[in-house]
Amino acid sequence: MGVGFGIVGCGMIAKFHARAIQEISGAKLVACYNQNFEKAKIFAEEFGAIACSSLQQLLEHADVDVVNICTPSGAHLQPGLAAARAGKHLLIEKPLEVTTRRCDQLIEACQAARVQLATIFPSRFHDSSLAMKKAIDAGRFGTLALADAYVKWYRTQQYYDSGAWRGTWKLDGGGALMNQAIHSVDLLLWLAGPVVEVSAMTATRAHERIEVEDVAVATLRFANGALGTIEASTATFPGSLKRIEIAGHQGQAILEEENIVKWEFAKSKPMDERIRKLLASRTQTGGGAADPAAIGHHGHRELFKDFLKALRNKTEPVSGRGEGRKAVALIEAIYQSAKSGRRIKLAAG
């Protein structure tokens, strides 16, 4: 039957996982589990899977090879550790976990069990992101000067009130940075490399009854010497598409959601005009700017395909193991800087 998947946590994001699995040849959603069993039964009926009454039942299912963790962010650790001990490969929704200590526990458990682990960062698999990564790796930007990420989104008070875990340090791990902007934080690190120093401020401006920030601004120094900024918010109506801007002494490019809206280099190549035409007006989903459900699952599909390829070839997935830790480490440093009022240095690894 190919590779069997089991989903833990049957909320909104789990549906994107299920749809992606349905579109992959040789992959099948076998089982699902949710603490609310009725919710699991509804999910299972919709996607043609078996609803399990316990996590153990899902892990004991012989046809489940990969477990997708789609629980709240701060509840990834325990089911992840149990799945690793059961010999199941793991795909874990962003963030990998809400602290680097908890991330490390997952990474170490998967290494000990010799199972694969990847974090869900689908933005890495968009054609526009891959084009930017290829241009950076080829040195087309020259000496990098600036690398910036902007995530000016909007979430209503009702969004935070809809679940007791939302907006809490324990289960959300943070606010606009850890929950919403982490995709852009990951993409910025993937494109521009590690950050070695950060200075930041955060605030809660527009929401009540939450413990975490809805506005954050950070300045960065990358290991390669470039400087940068991260701006993240869920308090900016009506919400804008997220942007990544990369600029060097020989080129500049701007990524807006999945569109490349600027692509200029001192040394042009024949492919440049084709990239501008193909990637400047992609169909937009809204990107989650105002509606968490306004995203596509095509990036998930490509990430899952990369993961299955890694399983076959016994190689590392693009977003495998320590990759999921990197964004969490940077966000932790941003929170530490905002709390202490000091610049925070990070290891470049």
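What you see is a predicted model, and the numbers here were worked out from it, not measured in a lab.
When the side chains of ILVMFWY residues are joined at heavy-atom separations under 4.5 Å, either directly or via intervening members, Y150 and M201 end up in two distinct hydrophobic clusters. The hydrophobic clustering, which links ILVMFWY residues whose side-chain heavy atoms are closer than 4.5 Å, places L177 and L187 together. Hydrophobic clustering, with ILVMFWY side chains joined whenever heavy atoms are under 4.5 angstrom apart, keeps Y335 apart from V98. Hydrophobic cluster membership is shared by L303 and V318, with clusters built from Ile, Leu, Val, Met, Phe, Trp and Tyr side chains linked at under 4.5 angstrom. A single hydrophobic cluster is not seen to contain both I254 and V185; linkage of ILVMFWY side chains at heavy-atom distances under 4.5 Å, directly or through other members, places them apart.
In this structure, the side chain of W169 engages the main chain of E211 through a donor-acceptor pair within 3.5 Å. Without hydrogens or angle criteria, E46 side chain to I42 main chain gives no donor-acceptor distance under 3.5 Å. For N34 (side chain) and A40 (main-chain N/O), no donor-acceptor pair under 3.5 Å exists by modelled atom type. A donor-acceptor pair under 3.5 Å links the side-chain atoms of H76 to the main chain of P95, judged by distance alone. Q157 places a side-chain N or O within 3.5 Å of a backbone atom of E208 that can act as its donor or acceptor partner. Between the side chain of T99 and the backbone N or O of R102, at least one donor-acceptor pair lies under 3.5 Å. Between the side chain of N259 and the backbone N or O of V261, no donor-acceptor pair lies under 3.5 Å. Side-chain N or O atoms of H126 include none that pairs as donor or acceptor with a backbone N or O of S128 at under 3.5 Å. The backbone N or O of A206 lies less than 3.5 Å from a partner atom in the side chain of D214, making a donor-acceptor pair. Between the side chain of S233 and the backbone N or O of V215, no donor-acceptor pair lies under 3.5 Å.
Residues L171 and S73 form no side-chain contact, since every pair of their non-hydrogen atoms from C-beta on lies 4.5 Å or further apart. Using a 4.5 Å heavy-atom cutoff, the side chains of L117 and I92 are in contact. Side-chain atoms of L227 and L146, non-hydrogen and from C-beta on, do get closer than 4.5 Å to each other. No side-chain heavy atom of E302 sits under 4.5 Å from any side-chain heavy atom of H300. Side-chain contact between L106 and E97 is present, with at least one heavy-atom pair separated by less than 4.5 Å. Contact of the I260 side chain with the M132 side chain is registered, since non-hydrogen atoms from C-beta on lie closer than 4.5 Å. Between D148 and I244 the shortest side-chain heavy-atom distance does not fall below 4.5 Å. Taking 4.5 Å as the limit, every side-chain heavy atom of L220 sits out of range of all side-chain heavy atoms of E197.
Here the OG atom belonging to S337 is positioned 8.0 Å from the CZ atom belonging to R342, to the nearest 0.5 angstrom. Considering NZ of K41 and OG of S53, their distance stands at 10.5 Å, rounded to 0.5 Å. Taking CG of N179 as the start and CD1 of I331 as the end, the distance is 9.5 Å to the nearest 0.5 Å. Note: R276 CZ to M271 CE = 11.5 Å, rounded to the nearest 0.5 Å. Between K309 atom NZ and D306 atom CG the span is 7.0 Å, to the nearest 0.5 Å. How far CG of L189 is from NZ of K326: 8.0 Å, rounded to the nearest 0.5 Å.
When every heavy atom of W153 is checked against every heavy atom of T236, the shortest pair comes out as O-OG1, 2.8 Å. The two residues L96 and R321 have their closest heavy-atom pair at CD2-O, 4.3 Å. The two residues A253 and W263 make their nearest non-hydrogen contact at CB-CE3, 3.7 Å. Residues I120 and K94 approach most closely at O-CB, 3.6 Å, considering heavy atoms. Taking all atoms of both residues into account, the shortest heavy-atom contact from S129 to S123 is OG-O, 2.7 Å. When all heavy atoms of F141 and A135 are compared, the pair lying nearest together is CE1-CB, 3.8 Å.
Of the candidates R301, H298, K305, E23 forms a side-chain hydrogen bond (donor to acceptor under 3.5 Å, both in side chains) with just one, namely R301. Screening I334, T234, T202 against E213 for a side chain to side chain contact (heavy atoms under 4.5 Å, CB included) leaves a single residue, T202.
Residues D272 and R140 are paired through a salt bridge, judged by an N-O separation under 4.0 Å between the basic side chain and the carboxylate. Classification of E264 and K262 as a salt-bridged pair fails, no side-chain N sitting under 4.0 Å from a carboxylate O.
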I107/R325 under side chain to side chain contact (heavy atoms under 4.5 Å, CB included): CA gap, chis, key distance, verdict
CA-CA 9 Å; I107 293 167; R325 185 188 193 277; 4.1 Å; yes
Evaluate K88 against L59 for side chain to side chain contact (heavy atoms under 4.5 Å, CB included), listing each step before the verdict.
CA-CA 8 Å; K88 309 297 185 181; L59 296 179; 4.2 Å; yes
Step-by-step side chain to side chain contact (heavy atoms under 4.5 Å, CB included) determination, Q57 to Y33
CA-CA 9 Å; Q57 183 185 356; Y33 164 69; over 6 Å; no
Full working for side chain to side chain contact (heavy atoms under 4.5 Å, CB included) between V212 and T204:
CA-CA 7 Å; V212 297; T204 307; over 6 Å; no
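Under a cut-off of 6.0 angstrom, the local environment of CZ in R209 is crowded, with over 12 non-hydrogen atoms contributed by other residues, nucleotides or ligands.
By the salt bridge (Lys or Arg N to Asp or Glu O under 4.0 Å) test, R124 is found to be paired with D186, E323, residues two or more places apart in sequence or in another chain being considered.
No cation-pi contact links R166 to Y160, judged by a cut-off of 6.0 Å to the six-membered ring centre and 45° from its axis. Note that K170 lies outside the cation-pi zone of W165, set by a 6.0 Å cut-off to the ring centre and a 45° limit from the axis.
Under the 3.5 Å distance criterion, with hydrogens and angles disregarded, a donor-acceptor pair is assigned to the side chains of Q56 and E60.
Applying the ring pair (Phe, Tyr, Trp, His ring centres under 6.0 Å) test to pairs two or more places apart or on separate chains, those with a residue in residues 214-249 are Y154-F237.
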With a 3.5 Å cut-off and sequence neighbours excluded, list the donor-acceptor pairs that the side chains of residues 4-20 form with protein atoms.
residue	atom	partner	partner atom	Å
H17	ND1	N68	ND2	3.1
H17	NE2	E93	OE2	2.9

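Using the six-membered ring where Trp is involved, F47 and F43 have ring planes that are tilted, between 30° and 60° apart.
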